[in-house]
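Remember, it's 1-based here, ligands and their atoms both numbered in the order they're listed. Start at 1 with the first residue, then count along the sequence.
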Amino acid sequence: MSIKKSAVVCVMQWNSLRASDQPVLQAALKLNSDYLVAMHVVDRQFVAAGSRASERRRAFYAASVRSLQTQLVQRGTGLVVLEESSSGSSNGLNEVRVSSVSSISSAPATASSAVNPSEDTANPSSAKSFSASAASLIAQKVALLSETCRVDAVCVEDQNTVHELHFVDALKKAMAKLNLKLIVTPNAQTLVKHNAIASKYLPDTFTQFRLTVEKSGNMYRELFQIPSKLPPLPPALEQAASQWHSSLSNETGASLEMDPRSAFPFAAGEKAALQRIQNYFTQTHAIKTYKGTRNELIGTQYSSKLSPFLAFGCVSASTVHNLLQQYEATHGGNESTYWLLFELLWRDYFQFIGKKYGSQLYHLRGITTSTERIESTWKYNPRKFEAWITGHTGIPFVDANMRELLQTGFMSNRGRQNVASFLVRDLNLPWTLGAKWFEKHLLDHEPCSNYGNWQYVAGVGNDPRSDRYFNVIKQGKDYDPEGAYVKLWCPELKNVPVSVIHCPWKMSFDEQKASEVALGVTYPLPIVEADAWKKHYAYSTKGKVGKANPSETVGRRPKRK
Ligand SMILES: Cc1cc2nc3c(=O)[nH]c(=O)nc-3n(C[C@H](O)[C@H](O)[C@H](O)COP(=O)(O)OP(=O)(O)OC[C@H]3O[C@@H](n4cnc5c(N)ncnc54)[C@H](O)[C@@H]3O)c2cc1C
């Protein structure tokens, strides 16, 4: 009688698409199994029908999965990518499009590819149905695998957010039914060890959180070391691992062109992430001036552009931190190198907030107990929302940012703060609408950072200040003093004089003619006008691009150096 060889299964999730610093691989390797089977189920949020992700974001995701496949092949193993299929198909071990228990909705995307205002982002039934079917796909494969191998365990990374936690829970149930061991590894999304701060002790403000971490000195987690050679796939699965003819990549890959103006012209995946870090750190030393440039708006070098890679887990925040420390050891550190860590700690803080508050992250009321900002403050208005999402509000600084997002999937942090504040405070639209639009289009959408930042701007998050207002005229003049950014994304304003570039509606008829602009025809009149803007209409030459204005008390995060 032949003895069955052993196998361990690693479930890779959409926010952890990398081979290095990978907790599930490390947990699996401890079992010394003969075979390693890495599996990924295409997450329903990226499936085209009724997708919550834009075509560009889906393509970035698909390319990140492909890159993980390549990384694992290079390490001597592979990745089996499973996709739910609404059509019945045979569920053999090598079949990767598997009919699922609850089939995928074939509903078309909502009107104008926008978000559905009445849809509950945290819709628990839809998250649970995906989780159940994804877990069932894995269970089907594992059951088939156990006919030829002894399955030692299935490993999965713990999560911080509700949707992802549903999946871990569903997998627990599915494995219990199969009587198989499930190893849930610590969550590796944050720099700070997942259990270093219990939710009930999470400080109420970012500054308290950061000081706690910095004072402690030993809260950062160690990297998970993964060898360059991993156990192979069982022969019976080799074919499945090489054949991901994804509906996603077929639909999206060909049609997407890179806008030459994009601030994020990078490929997806682990290799591209590490190349980007190398470029930003050791090749160009742009990191050395980061603190002074991070509020700029144009080009690849004003900030690290690591967020899309971090969102899909193509690289971990801990790896970035580790490489940053190596850079400081070799080239010296300064305020700018420290500031990158400071921003990564913001990311961490939002992760801990997400973990603590669960589905409240997505609620209009947010996580605040303050009743100052309540639902009635915000009213859905389709005309205003359409103008915002398409970049036709008539306020050039807002429009330029919104067009950049739509056309490239990226927007600077300065831009995000402004368009978010504009939506919430000037248009009085519910902040959740803006967050959902960002979720669809941002390549770097990550639930905690996206919904957490929106709550922060809307005054319903941690530190619920109600006076956080970004004056889009003043901000435009401070951060785009020559109007170069506005002209890049709103070319119809290219001849408008710098004195009125942020308020073109102040042009006389003759000025409009000279600038080849017909307000209300070639460029919209502003859909709102706030009193607070008026004192900033007058032209001044005191532009301060790239530097925070020290006198700017409103609209800045408190206590930032
Ligand atoms: C309304 C709004 C929505 C946002 N949505 C997202 C989102 O979905 N995903 C996302 O990663 N960031 C989000 N941010 C934060 C920030 O704008 C982006 O992280 C940053 O612009 C990404 O560019 P970068 O990688 O070049 O950042 P850098 O300036 O180079 O910063 C380095 C890293 O620090 C982290 N970071 C920086 N600022 C923040 C912040 N305010 N909050 C959390 N992490 C931060 C990111 O991981 C970033 O990659 C949002 C900000 C706002 C105001």
TODO: Indicate, as side chain, backbone, both or neither, the part of Phe438 found under 4.0 angstrom from ligand 1 when only non-hydrogen atoms are considered.
DONE: side chain
Task: Salt bridge Arg403-Asp259, side-chain N to carboxylate O under 4.0 Å - done: no
Task: Polar proximity ligand 1 side, Ser412 side, N/O cut 3.5 Å exclusive - done: no
Open item on the list: Regarding Arg414 and Asp480, does a basic nitrogen lie under 4.0 Å from an acidic carboxylate oxygen?
Closed with: no
Open item on the list: Show me which atoms of ligand 1 lie under 4.0 Å from any heavy atom of His445.
Closed with: 8 (O)
TODO: Report yes if the side chains of Tyr327 and Leu340 come closer than 4.5 Å at any heavy-atom pair, otherwise no.
DONE: no
Task: Phe309 and Phe264 aromatic centres sub-6.0 Å - done: yes
Open item on the list: With a heavy-atom distance limit of 4.0 Å, tell me whether Leu310 approaches ligand 1 through its side chain, its backbone, both, or neither.
Closed with: side chain
Task: Per-atom contacts, ligand 1 versus Leu442 - under 4.0 Å to a heavy atom - done: 5 (N), 8 (O)
TODO: Considering the heavy atoms of Leu340, write down every atom of ligand 1 situated less than 4.0 Å from one of them.
DONE: 30 (O), 32 (C)
TODO: Just let me know how Phe410 lines up against ligand 1, side chain, backbone, both or neither, with a heavy-atom cut-off below 4.0 Å.
DONE: side chain
Task: Polar proximity ligand 1 side, Gln417 side, N/O cut 3.5 Å exclusive - done: no
TODO: Output the list of atoms in ligand 1 that are nearer than 4.0 Å to some heavy atom of Lys305, sorted by atom number.
DONE: 24 (P), 25 (O), 26 (O)
Task: Options Leu344, Thr300, Asn453, Val419, ranked by nearest heavy atom to atom 51 (C) of ligand 1, top entry - done: Asn453
TODO: Might you work through the side chain to side chain donor-acceptor pair (under 3.5 Å) test for Glu164 and Gln13, ending with a clear yes or no?
DONE: CA-CA 9 Å; Glu164 288 68 23; Gln13 294 169 85; over 6 Å; no
Task: Close side-chain approach of Met402 to Asp399, heavy-atom, < 4.5 Å - done: no
- [ ] Run the contact test for Tyr290 against ligand 1 with a 4.0 Å cut-off on heavy atoms, strictly below, and give the result.
- [x] yes
Open item on the list: Please report whether ligand 1 has a polar contact with Ser304, defined as an N or O pair separated by less than 3.5 Å (distance criterion only).
Closed with: yes
Open item on the list: Tell me the nearest of Pro308, Ala311, Ser449 to atom 12 (N) of ligand 1, using heavy-atom distances.
Closed with: Ser449
Open item on the list: Quick check on contacts: which atoms of ligand 1 are under 4.0 angstrom from a heavy atom of Phe350?
Closed with: 42 (N), 43 (C)
Open item on the list: Show, in sequence, the C-alpha distance, side-chain angles and deciding distance for Arg347 and Glu446, and conclude whether the salt bridge (Lys or Arg N to Asp or Glu O under 4.0 Å) test is met.
Closed with: CA-CA 10 Å; Arg347 180 181 176 278; Glu446 187 285 311; 5.5 Å; no
- [ ] Between Ala263, Pro447, Cys448, Ser303, flag the one that comes closest to atom 26 (O) of ligand 1 by a heavy atom.
- [x] Ser303
TODO: Output yes when the distance from some N or O of ligand 1 to some N or O of Arg294 is under 3.5 Å, and no in every other case.
DONE: no
Task: Of the listed options Met411, Arg416, Arg276, closest to atom 53 (C) of ligand 1 (non-hydrogen atoms) - done: Arg416
TODO: Can you sort out which atoms of ligand 1 are near Leu306, meaning under 4.0 Å from one of its heavy atoms?
DONE: 25 (O), 49 (O)
- [ ] Would you please name every residue forming a side-chain hydrogen bond (donor to acceptor under 3.5 Å, both in side chains) with Gln326, sequence neighbours left out?
- [x] Asn322
Task: Pi-cation contact, Phe130 with Arg44 (under 6.0 Å, within 45°) - done: no
Task: Aromatic contact, Tyr456 with Trp346 (centres under 6.0 Å) - done: yes
TODO: Would you check if the distance from the ring center of Phe206 to the ring center of Phe352 is below 6.0 Å?
DONE: no
Task: Proximal ligand 1 atoms for Ser307, defined as those under 4.0 Å from one of its heavy atoms - done: 11 (O), 22 (C), 23 (O), 25 (O), 49 (O)
Open item on the list: So, regarding Glu343 and ligand 1 (criterion: nitrogen or oxygen to nitrogen or oxygen, under 3.5 Å), is there a contact or not?
Closed with: yes
Table please: side-chain donor-acceptor pairs of residues 189-203 below 3.5 Å, with sequence neighbours left out.
from, atom 1, to, atom 2, distance (Å)
Gln189, NE2, Asn15, O, 3.1
Thr190, OG1, Val192, O, 2.7
Lys193, NZ, Asn218, O, 3.1

